[in-house]
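Presented below is the structure to which this report refers.
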Protein chains: 2
Amino acid sequence: MKPTIKDVAKLANVSISTVSRVMNAPETVVETKKLRVLDAIERLKYKPNALARGLIYKKTNTLGVVIPDIRNPYYADIIRGMEDASKMLGYNLIICNTDRDRARLFSYLNNFYEKQVDGILYTSDPVYPDYYKALQRLQMPVVLVSTHSMEYRLPSVKINDEQAAYDAVKYLIDSGHTSIGMIGFHLSDSIAGLPRYEGFARALREHDLDDSKDNVVFVNGWSYDTPDAAAQLIARFPSVTAVFTSSDELAIGLIAYLHEQGIRVPEQISVMGFDNIRWGNLSIPKLTTVAQPTYEIGFRSVMKLNAIIKEQDDSELREYLPHTIIERASAKILKSFSSP
Amino acid sequence: MKPTIKDVAKLANVSISTVSRVMNAPETVVETKKLRVLDAIERLKYKPNALARGLIYKKTNTLGVVIPDIRNPYYADIIRGMEDASKMLGYNLIICNTDRDRARLFSYLNNFYEKQVDGILYTSDPVYPDYYKALQRLQMPVVLVSTHSMEYRLPSVKINDEQAAYDAVKYLIDSGHTSIGMIGFHLSDSIAGLPRYEGFARALREHDLDDSKDNVVFVNGWSYDTPDAAAQLIARFPSVTAVFTSSDELAIGLIAYLHEQGIRVPEQISVMGFDNIRWGNLSIPKLTTVAQPTYEIGFRSVMKLNAIIKEQDDSELREYLPHTIIERASAKILKSFSSP
DNA sequence: TTGAAAGCGCTAACAG
DNA sequence: CTGTTAGCGCTTTCAA
């Protein structure tokens, strides 16, 4: 049996209140007794029961995190950022991977409620109406991470996906490309799908290039059907010299496909990724991509959630962190940039 | 304020015990009351407080997981396996990433204790004496995942690293290679370092090949200094035709380095990885590697921990799951295999 | 400065 | 079948 506060009290020959005091307000207890208690704690290796504490304080210093796909390395750094911020603020993280399963998500959310977590970090997937309702029912502080919602009043932290896609494509255009294709996520995905496509289309439009949807292939979700998509794109748009993809995974898959087809990257086709996952740096050629500040997104989202929990109402509801273009070797520069 | 069992009791006009009963032994309460209670629960959106329950039952249905490096994709599938098994058995996972920081590890272990988790899954790093002492002090069920300990009596589930490395190198030998090098982790790493080197050396020795340490470069930890290591290996062992690496990350880094040097894989040098992470399938060329059953390791470790918690003392202390060689394109076959 | 006692939300005897 | 009561481990009045 684990030692309890009673055991400590008995051993130190004081009341349990005194033991409690040396833990929570040591200055209010006289030196001699404090020493006795400390000694007893040490000898019994006593550690307070967080359940009992949580019952009283009505908080657990625990945050619940739902991740849609833990295998996606994109989340690894988000989690690290969350961890570091949590450590700093004294929280623990319960991380749950839903594998994009609705039932699992709901079950985990319920669990968070029952376990009395202090707040929830909801990662990456669009907030569908029934998800919102579930979140709403819980009546718990939530922050959306790498996703947001325009319909609902939910705090969020992410990058500006439309602008990031725009900048990526503009980089390609500034490099001299005029035949630019895209492999993206389906438009029904309001986070990684639609906005990135819109940024792509806007960049083309603003530079008087062909922005017809024929130059775009949408893939369904995050599966590994890049080869098909790539084949389709090349077939429909044989003159393409640069492809913007909505994720590094798609980009790496595309490069692998092109390699198999004997098409050289970037000599024949340039590839621009999105996310800047670690592996982009080990691909052949190294991936040019737009970097999300993943670690910071994770970090900031915990800070924000903490502010909400502590009711230090923080500035903006929807926060957008800056992205950057990472120039590596998968995109070819046909002409030097026009000007800043 | 969240509704409590009292609120439900009041609304349903019964005692709290009756409410408790409809939740834990519904058959013992008469239909009419049961309906009233269920209705009240629904209307108040009541969910039991897991802290209060945990206090009484002395269990929380929660498992603590420590991961040394969440960015390593190797752990992603382990976690998925753990998740699925946990879901099945009714556990929740608290996942903590230590980034290989001693202090963090200890802090998290303490946290697990205070939060009263039912058991701990300790992942991948060797069990150093002070780690063992910390684990010991906690007096909690533990299973070691992807690591084990010969010094201490600690249950574990992993593959047989020595044999897996042996098989990998034997595959290279059977393919006709006679000049085989290795990039591995330092021998002080008793899991991913020493045993894999030993398997490598045994395979060479048994086939009368040169197993001098000159053909091996050890890297320090999991950092990305593969290029240096690769350069060193080639310099010391210019006639090498095949390299066995102790992880896919090292293998992919090696391939990237060789590509930069204009050395073709597998035509000039064959590369054999270890782990079978997802990205090996997207590298150029696709990575030949030895697959760890990561998902199963995660799954099994939860099953084992559960058995220990429930005191269904399960068979073996140290479990070894089977590995397999995944033949892809990064290792060249110089001659067909001698025989099965 | 300290101890006794109430209570956090829930379960589990124990009567009735 | 159901309500009353004690108690899980801890914090926090309230007196002393």
Side-chain angles (χ1 to χ4, degrees), chain A residues 1-38 40-41 44-62 110-118 139-140, chain B residues 1-38 40-41 44-62 110-118 139-140:
Chain A
M1 236 23 276
K2 292 179 183 167
T4 73
I5 197 171
K6 274 190 193 165
D7 301 314
V8 177
K10 202 178 301 169
L11 186 59
N13 218 289
V14 295
S15 75
I16 61 169
S17 336
T18 300
V19 178
S20 177
R21 280 188 198 101
V22 338
M23 304 185 67
N24 302 302
E27 66 283 1
T28 69
V29 25
V30 79
E31 199 62 15
T32 61
K33 287 200 176 171
K34 185 170 18 183
L35 258 33
R36 255 162 50 210
V37 170
L38 256 15
I41 286 177
L44 294 173
K45 298 180 193 334
Y46 166 78
K47 289 181 206 19
N49 183 325
L51 297 184
R53 276 192 162 163
L55 245 196
I56 296 168
Y57 289 140
K58 290 175 190 325
K59 58 197 219 52
T60 52
N61 297 315
T62 303
N110 268 333
N111 246 273
F112 287 159
Y113 181 97
E114 295 185 9
K115 291 242 162 82
Q116 317 291 119
V117 305
D118 299 335
Q139 302 253 59
M140 301 180 101
Chain B
M1 236 25 276
K2 292 179 183 168
T4 73
I5 197 171
K6 274 190 192 163
D7 301 314
V8 176
K10 202 178 303 171
L11 185 61
N13 218 288
V14 295
S15 76
I16 61 168
S17 343
T18 301
V19 177
S20 177
R21 279 186 199 103
V22 338
M23 304 184 64
N24 301 303
E27 65 284 1
T28 69
V29 27
V30 80
E31 199 64 14
T32 63
K33 288 199 178 175
K34 184 170 17 185
L35 258 32
R36 255 162 48 210
V37 170
L38 256 15
I41 287 177
L44 294 172
K45 298 180 195 333
Y46 167 79
K47 289 180 205 21
N49 183 326
L51 299 184
R53 274 190 163 163
L55 245 197
I56 297 168
Y57 289 140
K58 289 175 188 328
K59 59 198 220 51
T60 52
N61 297 315
T62 303
N110 267 334
N111 246 272
F112 287 158
Y113 181 96
E114 296 185 8
K115 290 244 163 78
Q116 317 289 122
V117 305
D118 299 335
Q139 302 252 61
M140 301 179 101

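Within every chain, numbering begins at 1; the chains are lettered A, B, ... in the order of the sequence lines, protein sequences first and strands thereafter.
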Given [N], is OP1 or OP2 found less than 4.0 Å from the side-chain N or O atoms of [X]?
X	N	value
A:R53	D:dT11	yes
A:K58	C:dG9	yes
B:K6	C:dC8	yes
A:T18	C:dT1	no
B:N49	C:dC10	no
A:Y57	C:dG7	no
B:K33	D:dC1	no

Self-check item: Polar contact flag, side-chain donor to acceptor under 3.5 angstrom, A:T18-A:K34
Solution: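 Result is no, nothing qualifies.
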Classify [X] by what it touches in the nucleic acid, base, sugar-phosphate, or nothing, heavy-atom distance under 4.0 Å.
X	value
B:S17	base
A:I16	base
B:T4	sugar-phosphate

Quiz item: Between C:dT11, D:dT11, C:dT2, which one does the side chain of B:I56 approach most closely?
Solution: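 For the B:I56 side chain, the nearest candidate turns out to be C:dT11.
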Quiz item: Can you check whether A:G54's main-chain N or O pairs, donor with acceptor, with A:T60's side chain at less than 3.5 Å?
Solution: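 Judged by distance alone, no pair lies under 3.5 Å.
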Self-check item: 5' precedence on DNA chain D between B:E27 and A:L51 (nearest-nucleotide basis)
Solution: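 It is B:E27 whose nearest nucleotide is closer to the 5' end.
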